[in-house]
Structure formats: structure tokens, C-alpha cells
There are 2 protein chains.
Amino acid sequence: MATIYEVSKLAGVSLATVSRVINNIDKVKPATRQKVLRAMEDLNYTPNSIAQSLASRRSNSIGVLIPELHGPFFGIMLSHIESELRDAGKHVMIMAGHSDEAKEKESLELLLSRNCDALILHVYSLTDEYLLNLSKGSVPIVLLNRLVAGMEDRCISLDNEHGGYIATKSLLELGHKSLAYISGPHWKVDSFKRIRGHKRALAEFGLEFDQRLMFEGTFEEESGKLGMEQLLQSGIPFTGVVCANDEMAAGAYNTTRKHGLKIPDDMSIIGYDDVAFARYLYPKLSSVTCHIDQMGLMAARSVLKYAYEKDNAAIQKAFKPSVMLRASVDKV
Amino acid sequence: MATIYEVSKLAGVSLATVSRVINNIDKVKPATRQKVLRAMEDLNYTPNSIAQSLASRRSNSIGVLIPELHGPFFGIMLSHIESELRDAGKHVMIMAGHSDEAKEKESLELLLSRNCDALILHVYSLTDEYLLNLSKGSVPIVLLNRLVAGMEDRCISLDNEHGGYIATKSLLELGHKSLAYISGPHWKVDSFKRIRGHKRALAEFGLEFDQRLMFEGTFEEESGKLGMEQLLQSGIPFTGVVCANDEMAAGAYNTTRKHGLKIPDDMSIIGYDDVAFARYLYPKLSSVTCHIDQMGLMAARSVLKYAYEKDNAAIQKAFKPSVMLRASVDKV
DNA sequence: TCAGAGAGTGTAAGCGGTTACATAATAGCT
DNA sequence: AGCTATTATGTAACCGCTTACACTCTCTGA
């Protein structure tokens, strides 16, 4: 790999001038610029971005820490973050935190030690306190799907309580009087809030929450199957089930059919997240759409604003999910 | 951020000694090591990996270039690459190439300029020649889902012709005599090879290939719908359809139902890739599984072998897809 | 007792750039 | 032409770390 030194020698100018040409800063006489470009071309030179980063204490790269690299949810988010930043000439360093405190911390430190200009964090295990403290450092951080007091302007958040509320409400409005709920792990704050919304909707319609119609799943398809199985066997009658994500809803479909029940005639089902495959299911799954593409986009824009002072695009911080009703639900 | 210099001053030793402690190389007297560790702790010091990388010309990071960040396929692959490498203390820099030559090249150069110790490339637009040339450079590269002559030992490849062959064959073995095919874009080599396998299976069973039963889709659900629509309207009778991926199969499900046909009674459908949601569909979608998890794993191991001389795990280079028959197909 | 070996540590020259500051070249004006 | 204000370029000190090499101490064994 050629270095800037070789370029400067070939072009007959100083290191500084080459650097100026590379970075397009300061004025360089057109003729000189040409000589340098020519030399760069001849040597097939690419600046070493590590060296640039060390010297300039900037890296043009944004660290992104998400729970997992797979899954329909994160992929979309990542994809939008990347394309927006790439269009702005920045690039992303992606790491997975696996919802594990040690790993999240380790990844975070690595991203920092790599001179990331900013960080987009979608983390579960790190505490509010830790994040708040981090946000006081010199590297701008943006939080995804989280709202931490004291740094609201850096949070792209989603109102999970509202999501749980509208999911349940949309079924109640169809006349359902008894609903089951398949939730995610209770310790996850997202799960917890959705449940709260569920209860609020029930209360609003004058219905009692029945603990026996609540199943705690894992967000995986298998637990949707299992949950539906247990709910049906409980003997408590219900005409609809609200699932805390689409995978579990897919599992619920499976069990429902196995019991000879028709969707939506005998059982209305609604999911959450509205991932791509919700529309592939038959009947098409109703779901709560979380605007993950938009959230990704806004995280990217926030970074452009806070880390690079590019303040030309509107930024939405707080998102409210909305319901997509499809063939999986019906009047009772 | 504290620097190595401050640590050395606080510990009362030289920079070199601190560096030795950090990297665990050479012998350092236990007492000295303690002093250094103590100082590091006190200053809450983390080595600046950019500087480490520049000085050592190594980065402990592997560049990964894939077509897209979203989609069920790439997510799984990425996920496996990342976890294997992470277990080995390495980390990944991920970029998306968007199947566009300019972007792929640009991303590649960025990864190189970031001192990546090795590269895992899943690219479509770069030519064999370019890749072969690249592989002669000093940075080890591993190719995913591609076989380039002259660098076979660096290729993790998948036999797409065979995949197309077994997909079709599995339907023919069930007694089908007339099959339609919904393919991906013909210019993509993967699509092309699968079609070739399809034709080979037909020939083997003494069946003529009928161009009118071939639809060129885009690998997206919508084109599966559209393709099935056109195929059904063509008037040529067929009892099964082979789809070049699962998304299009999902689309085909949709259209098939709309026409009042039952799956698998009236129409057998098989997909390709065997992504997660194939099992969520009803009836469960038969598919060709590509072992993408394994391919990701092997790519990671190859990197460990070629870039870090870790040669302890077996590496499989060539993969053959296999058929997963589920409820979406039946005897005719 | 002393040379030689080995262990432990320090010195200083990079790695490939950026950038404040100094200096040289040119342009603009009287 | 002469002087100043700009503009263009060069010089050299970093950025934070690694590492070849030199050096200083023990510790052996003859």
C-alpha cells in the first residue's frame, strides 16, 4: 500500500499539500491539485483510515450496538441506519450485544476505543445510570427503543404501553369480551409495558383482567405454540388472543389450527412488530407496526445532527405504534 | 481518555513496559505488572485500538461485506460469523455492498484501509478476476457463496445447480408430470444455476422443459404472487411449482389460494433457502435448506485459520443443499 | 571471582496521517 | 514599483501505541 509520503514525493509537494487534496480543505492551486491527484492515481493510493483517524481524532464512523444481528426486526433497523449514514458519507461499525451486560459493555468500549464519532445503542442490560453517564462523555450517543430520563433528546423511543393498549383495544372494539394474552418475558421492560397497555384497554372496556388468560412466553415461535396450547386447555373461554410479537402469533396460529379452530371465525389473533412475514401468513396476520424503519432513520439523522452538525432533516424522537388490521381478526 | 503515557508515569515505568503488560508479551516481573495494572485501573484506562492498530499493523478485526443487512438469509449468516469470531477474541466490521459494483468496491477499500486482518466477502458485482487479484494481496480473503477458479481454498460455496435439481426432483418423485418454475432474476448466477438444475431434473425424468411454465421474478414476495397469477392464467396445466426462494413461494401461496386451489391437494409448492418463516406458513412450506448458518461458521473458521493460524477446527468448504419436505407438497 | 547467559526494563524510531504555524508566492492597490 | 493582503505551500510536532535494540541487573558455573 502506498503512503502519503510516496504520493508527496512523486507529486513533488509536501505531505501537508497531499493531505489537503485528500480532505478537500484549504485552498490548493488547481495545477498542484492535479499533480497530486495524478500521483495518487499512479500509485493507486488510498488513505489509511486508521492513520487518519488517529491523527484527526475523528473516524467518520458510527458505532452501532444492537442486541442481535439476525431477526426480522434488527435487520430492517440496521439497514435503514446504514443507508442513511452512508448517503452522508459516514459508515457504521456494527456489533451485537446479545442482551448481555458484559458483552454490551465490552462492545461499547471497543466501539469507543475505535474512535467512533458517535454511537447508536440498542441495549437492554446497561442501566439508565450507566447510559446517562456515558452520554456526558465527549462522544454523542443516541439510544434506540429506550427513554432515559435526563437525556430525552438523545432517545428514539417507542411507546410500548400504547402498543399493548391499541392491540387489545382493536379486538375489544370488534366486540370481543374475553381475550388471552401471550407475553414476552416479564423482566423485559418492553413486555411489561405492553401488558400494562393491555390491562388498560381491558379496564377501559369494563373487563376484568384474568391472570389465567396470561401466558409468559419467550418471544419465540415455540412459546407461542405452547402458550396457545395451555390457554386453550385452561378451559376458560376466549375468542381472541393478543401476542407480544409476530413469531409467537405464528406459533399460536399453528396450535389454533391443530385444535380445529378457524382463524378468525373461532379465534382472532393479533401480533406485534408487523415484521415482513406477517403478511405471508394465512390468513394475513394483524399486527402492531412499530415503524422500525423510521426509528432507524431517525437514529441516523440524530447522529448526523449531534456528531456532525448536519441539521437539515426533521427528526422525530417519539414513536407511537399503530395497528394494522388484517384477516386474522374479525367481529365476534 | 487516559493514554498509555499517563499510565506509565503513574506506574513509574516506561511506555514499553505498559505495552508489554497490555499485550501480555515478553516477561514482566510480577511486581511491575501489578503496579501497571493498578495504574490502569486507577486511570480507568482502555488502550486506543486505533493507535494499536496503526502501530502494529494488525487490528483484530475482520471485515465482512454482504449484499444487505436485512433479510432472513444474511442475518443468520452474519450472526454466525460474528459469534464464532467473537469467541476467538476477534470482532467484525460489517458493511453492505447492495449488489452494486461501485458500492462493493468502495466498501472493500474502506475495510482494507481500516487494517482489517482478513475479509469475508459475499459479493455479486465484483468480477472473478478482481477477486482473484485481491486474494494475491497481503490480506487473506474468504469468499462466501461463490467459487472462483484459482482460489478454491478460499471459497465457501454452495451448489446451486444441485439445489435446483433436488427441489424439482423431489416433486417429480411424488409423481408430478408438469411443473412450473418461478425463478429469480436470470442475470444472477444463483438463479441461473438453479434453473439449470431444474432442467436437469426434468430431463432425467423424461420431461420436456416448457418455457411457458417459467416466470422470471425478483426474489420478492410480490413477484411470487404475480408469477403464479401469470402461470395459472397461461392455461398450461401444472400440479406443482418450484420457487427460487421462500419469499416468492409465500407470494405463490397467496395467489394459489385466491384461485381457490388447495395446497397441497391441488398445487404442490416448494421454496428455496428454508428461512425461518417457511415453517410459519400454512401449510408448512417445503424448501431447500442451504445451511447458511454452517456457511457463516466456516467462513469465520477459515479466517481464523488463514489470518491467525488457528487451525484447530475442521472446515467444510463446499456445501450441498438438501430438501426439507413439509406439508406444502403431496403426491399427485 | 568473573565472564556469560538470561531476565527485565528503557530508549527511540516508527506506523501514516493531520494541522498549527511559519514562510513563500501572488495579487491588488496606490 | 513598492507595499500589503491574500493565497498557496512547507515544516514539524503531534495522535497513542508497538517493537527492535540496547542496556542493566541478577544468577550461574567454571
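Every value quoted in this text rests on a predicted model; they were computed, and no experiment measured them. A note on names: the letters A, B, ... follow the listed sequences, proteins ahead of strands, and every chain is numbered from 1.
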**OP:** Inspect the surroundings of NZ in B:K193 and state if more than 12 heavy atoms from other residues, nucleotides or ligands are less than 6.0 Å away.
**Re:** no
**OP:** Give the nucleotide from the list C:dT18, D:dG10, D:dA8 with an atom nearest to the side chain of A:A55.
**Re:** C:dT18
Original post:
In whole Å, what is the span from the CD atom of B:Q52 to the P atom of C:dG17?
Top reply: 20 Å
Original post:
Does A:R58 make a side-chain N or O approach to OP1 or OP2 of C:dG17 shorter than 4.0 Å?
Top reply: no
Original post:
In whole angstrom, what separates A:N23's CG from C:dT18's P?
Top reply: 5 Å
Original post:
OH of B:Y45 versus C1' of D:dC17: gap in Å, rounded?
Top reply: 7 Å
**OP:** Indicate whether any N or O donor in one side chain lies under 3.5 Å from an N or O acceptor in the other, for B:S113 and A:S49.
**Re:** yes
**OP:** Measure from CG on A:N48 to C1' on C:dG16 and round the result to the nearest Å.
**Re:** 6 Å
Original post:
Is it the case that B:E82 and A:H98 place a side-chain donor and acceptor less than 3.5 Å from each other?
Top reply: yes
**OP:** Quickly work out the B:I22 CD1 to D:dC17 P distance and round it to whole Å.
**Re:** 6 Å
Original post:
Checking all strands, does A:D26 fall into the base, sugar-phosphate, or nothing category for heavy-atom contacts under 4.0 angstrom?
Top reply: nothing
Subject >> A:I4 CD1 - D:dA12 C1' separation (whole Å) >> reply: 14 Å
**OP:** Would you indicate what B:R33 reaches in the nucleic acid, counting non-hydrogen atoms under 4.0 angstrom: base, sugar-phosphate, or nothing?
**Re:** nothing
**OP:** Indicate the atoms forming the closest heavy-atom contact of B:D153 with B:Y306, along with that distance.
**Re:** O-OH, 3.3 Å
Original post:
D:dG10 base to A:R20 side chain: any donor-acceptor pair below 3.5 Å?
Top reply: yes
Subject >> Between C:dG17 (P) and A:N60 (CG): distance, integer Å >> reply: 15 Å
Subject >> First encountered from the 5' end of DNA chain C, between A:R57 and A:L54 >> reply: A:L54
Original post:
Nearest nucleotide by nearest heavy atom, which residue falls closer to the 5' end of DNA chain D, A:T17 or B:I25?
Top reply: A:T17
Subject >> N/O (side chain, A:T3) to phosphate O (OP1/OP2, C:dG16) under 4.0 Å >> reply: no
Original post:
Touch check for B:S53, heavy atoms < 4.0 angstrom, all strands: base, sugar-phosphate only, or nothing?
Top reply: nothing
Original post:
Base, sugar-phosphate, or nothing for B:V13, non-hydrogen atoms under 4.0 angstrom?
Top reply: sugar-phosphate
**OP:** Answer with base, sugar-phosphate or nothing: what part of the nucleic acid does A:S19 contact at a heavy-atom distance below 4.0 Å?
**Re:** base
**OP:** Check whether any side-chain N or O of B:S56 sits under 4.0 Å from OP1 or OP2 of D:dC17, and answer yes or no.
**Re:** no
Subject >> Whole-Å gap separating P (D:dC15) and CG (B:N115) >> reply: 20 Å
Original post:
Is it the case that B:R86 and A:S107 place a side-chain donor and acceptor less than 3.5 Å from each other?
Top reply: yes
